[in-house]
There are 2 protein chains.
Amino acid sequence: MGRWEPDAPGRLTQAALELFVERGYEQTTVLDIAERAGVTERTFFRHFADKREVLFDRRNAMQEAVVAAIAAAPETLPPLELAGLGMAAAGDFLEGRREHAGRRAGVIAANPSLQERELLKLAALSDAVATELRQRGVPAPEAGVAAEAGVGVFRRAFERWVADPSAPDLATCVRDSLATLRALAAARPRGRGAVTR
Amino acid sequence: MGRWEPDAPGRLTQAALELFVERGYEQTTVLDIAERAGVTERTFFRHFADKREVLFDRRNAMQEAVVAAIAAAPETLPPLELAGLGMAAAGDFLEGRREHAGRRAGVIAANPSLQERELLKLAALSDAVATELRQRGVPAPEAGVAAEAGVGVFRRAFERWVADPSAPDLATCVRDSLATLRALAAARPRGRGAVTR
DNA sequence: ACGGCGATGACAGTAACTGACATCGCTACA
DNA sequence: TGTAGCGATGTCAGTTACTGTCATCGCCGT
């Protein structure tokens, strides 16, 4: 074809984020995105399965970072610790892209349709973590629950991180939330740790 | 108009579930569903926001049951206990509809598009639980984390419940998973609960 | 020069949704 | 009893997300 610019996916993602911020997700057509990126609508769908997917990393770099962090952790750590450490790695991953992650999160938060996709990615992340834990010898039920708890903790930590500008590192937020979970799990009915049994 | 049958939404949901099981979600058109239910396509979209929504209860009865269960629980219970008790109520709710829930879960499991919607509903459930916990005086961060953990636990329990025919009550599965989470949260690096610290 | 390969454009087609308007049947009320 | 109004539906045209198919262009190795 006529000479074409390299990295069509990258330009499409960039164009899409700009347009979504400018006029909103629903008010932006795939054709709009394609035109700003200098390609046709058809090319958009060659790189992304659907309109939402343009906001999500095709290489799944964050998930790989999480899995790698768990795989590299010392043998002695218990499952929930591993999951937490993985999610902290996810925090570090996003910390470098704070501004971009913030804009992106804003767009997603404004669109249920995009939230669904985000949730699906997080579910996939949970499955990946569970698989990695099992690989390291954690029994299936524990692995599943630990992964689910880890991702849940991450979601709340992320929420705080984007909402509160005075919040610390995302990884720190994650560790805070995990500590909260530990405290909750240890709580006994009225009179913590006392007589109740 | 010509005399019309009552409960169009109900017949649409029924028709949709049948067709999804018979030929699959993607192979079923909204027109197909509408025709089997004896209405037009337009009427379908008057009752459901989109094609996926037809599989989800418009009254959100389960969520209400969960919130009610938490609201009715004794004052003395700690947050994670409340969340767990709420999810057990969700289990009881689905237990009566086991067969229907099973078929529905099968269809959803086969379609990422439907999984996304399910995940969104669960996220809404998590928010509702968190809100209810805050209403009962639980501080925001604890409420959020407890709700997230509760729903996570529920997901894994539900997974087991549908996959394993020999599994007990869903509510029992939920309590099992919650116990697993508690054990995980208490685990210390190598030598559980012992000298490590 | 040539042939194949990868990325793209061009174009037609399906199906999910939406908006606007007409119609029908029931209910309340004069 | 008739009629005005309301709620649920049908009709129809239109937008947009997404897919299949085929032609074209530039590059790369032989």
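Note that the structure is predicted; figures quoted are calculated from it, not measured. Just so it is clear: chains get the letters A, B, ... in the order the sequence lines come, proteins before strands, and each one is counted from 1. Scope of the values below: all heavy atoms of this structure, side chains included, with no hydrogens, waters or symmetry mates.
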> If I take atom CZ in residue A:Phe44 and atom C1' in nucleotide C:dG9, what distance separates them, rounded to the nearest angstrom?
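Nearest whole value for this atom pair: 17 Å.
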> Please report the distance, rounded to the nearest Å, between CD in B:Gln27 and C1' in C:dA15.
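Those two atoms, CD and C1', are 13 Å apart.
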> Can you list the steps and then say if A:Glu99 with A:Arg103 is a salt bridge (Lys or Arg N to Asp or Glu O under 4.0 Å)?
CA-CA 6 Å; A:Glu99 189 178 355; A:Arg103 268 203 307 275; 3.5 Å; yes
> Give the C-alpha distance, both sets of side-chain angles, the deciding distance and a yes or no for salt bridge (Lys or Arg N to Asp or Glu O under 4.0 Å) between A:Arg104 and A:Glu118.
CA-CA 11 Å; A:Arg104 185 174 162 284; A:Glu118 174 95 320; 3.5 Å; yes
> Strictly below 4.0 Å, N to O, side chains only: are B:Glu116 and A:Arg52 in salt-bridge contact?
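Salt bridge: yes.
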> Could you state the atom-to-atom distance from CG of B:Leu31 to C1' of C:dT14 in whole Å?
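From B:Leu31 CG to C:dT14 C1': 12 Å.
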> Between side-chain atoms of residues 129-137 of chain A and protein atoms elsewhere (two or more places apart, or another chain), which donor-acceptor pairs fall under 3.5 Å?
from     : atom 1 : to       : atom 2 : distance (Å)
A:Thr131 : OG1    : A:Asp127 : O      : 2.9
A:Arg136 : NH1    : A:Ile70  : O      : 2.7
A:Arg136 : NH1    : A:Ala73  : O      : 2.9
A:Arg136 : NH2    : A:Ala73  : O      : 3.4
A:Arg136 : NH2    : A:Pro74  : O      : 3.0

> So, B:Asp164 and B:Ser166: side-chain donor and acceptor under 3.5 Å apart, yes or no?
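A pair is found: one side chain offers a donor N or O, the other an acceptor, under 3.5 Å apart.
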> How close or far is atom P of C:dC17 from atom CD1 of B:Ile33, stated in whole angstroms?
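Rounded to whole Å, this separation is 10 Å.
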> Please determine, for the side chain of A:Arg42, which listed nucleotide (D:dT21, C:dG19, D:dC18) has the closest atom?
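Closest of the options to the side chain of A:Arg42: D:dT21.
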> Applying side-chain contact (heavy atoms from CB on, under 4.5 Å), run through A:Phe44 and A:His47 and close with a yes or a no.
CA-CA 6 Å; A:Phe44 177 98; A:His47 291 291; over 6 Å; no
> Output yes when A:Arg155 and B:Glu148 qualify as a salt bridge under the 4.0 Å nitrogen-oxygen rule, no when they do not.
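A salt bridge links A:Arg155 with B:Glu148.
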> Take the protein atom OH of A:Tyr25 and the nucleotide atom P of D:dT16, then report the distance between them rounded to whole Å.
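Whole-Å distance recorded here is 13 Å.
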> Name the closest nucleotide to the B:Thr29 side chain, picking from C:dG9, D:dT9, C:dA16.
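Taking heavy atoms from C-beta onward, the closest nucleotide is C:dA16.
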> Once you round it to whole Å, what is the distance between C1' of D:dT21 and CD of A:Glu41?
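Taking CD of A:Glu41 and C1' of D:dT21, I get 16 Å after rounding.
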> Between P on D:dA17 and CG on A:Asn111, what's the gap in Å once rounded to a whole number?
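Taking CG of A:Asn111 and P of D:dA17, I get 13 Å after rounding.
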> If you take any heavy atom closer than 4.0 Å to DNA chain D, which residues from residues 45-61 of chain A end up in contact?
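A:Phe45, A:Arg46, A:Ala49, A:Asp50, A:Lys51, in order of number.
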> Can you measure B:Leu12 atom CG to D:dA8 atom P for me and round it to whole angstrom units?
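Taking CG of B:Leu12 and P of D:dA8, I get 14 Å after rounding.
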> With a 4.0 Å cut-off on heavy atoms, is A:Ser113 in touch with a base, just the backbone sugar-phosphate, or nothing at all?
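Answer is nothing: A:Ser113 stays at 4.0 Å or more from every strand.
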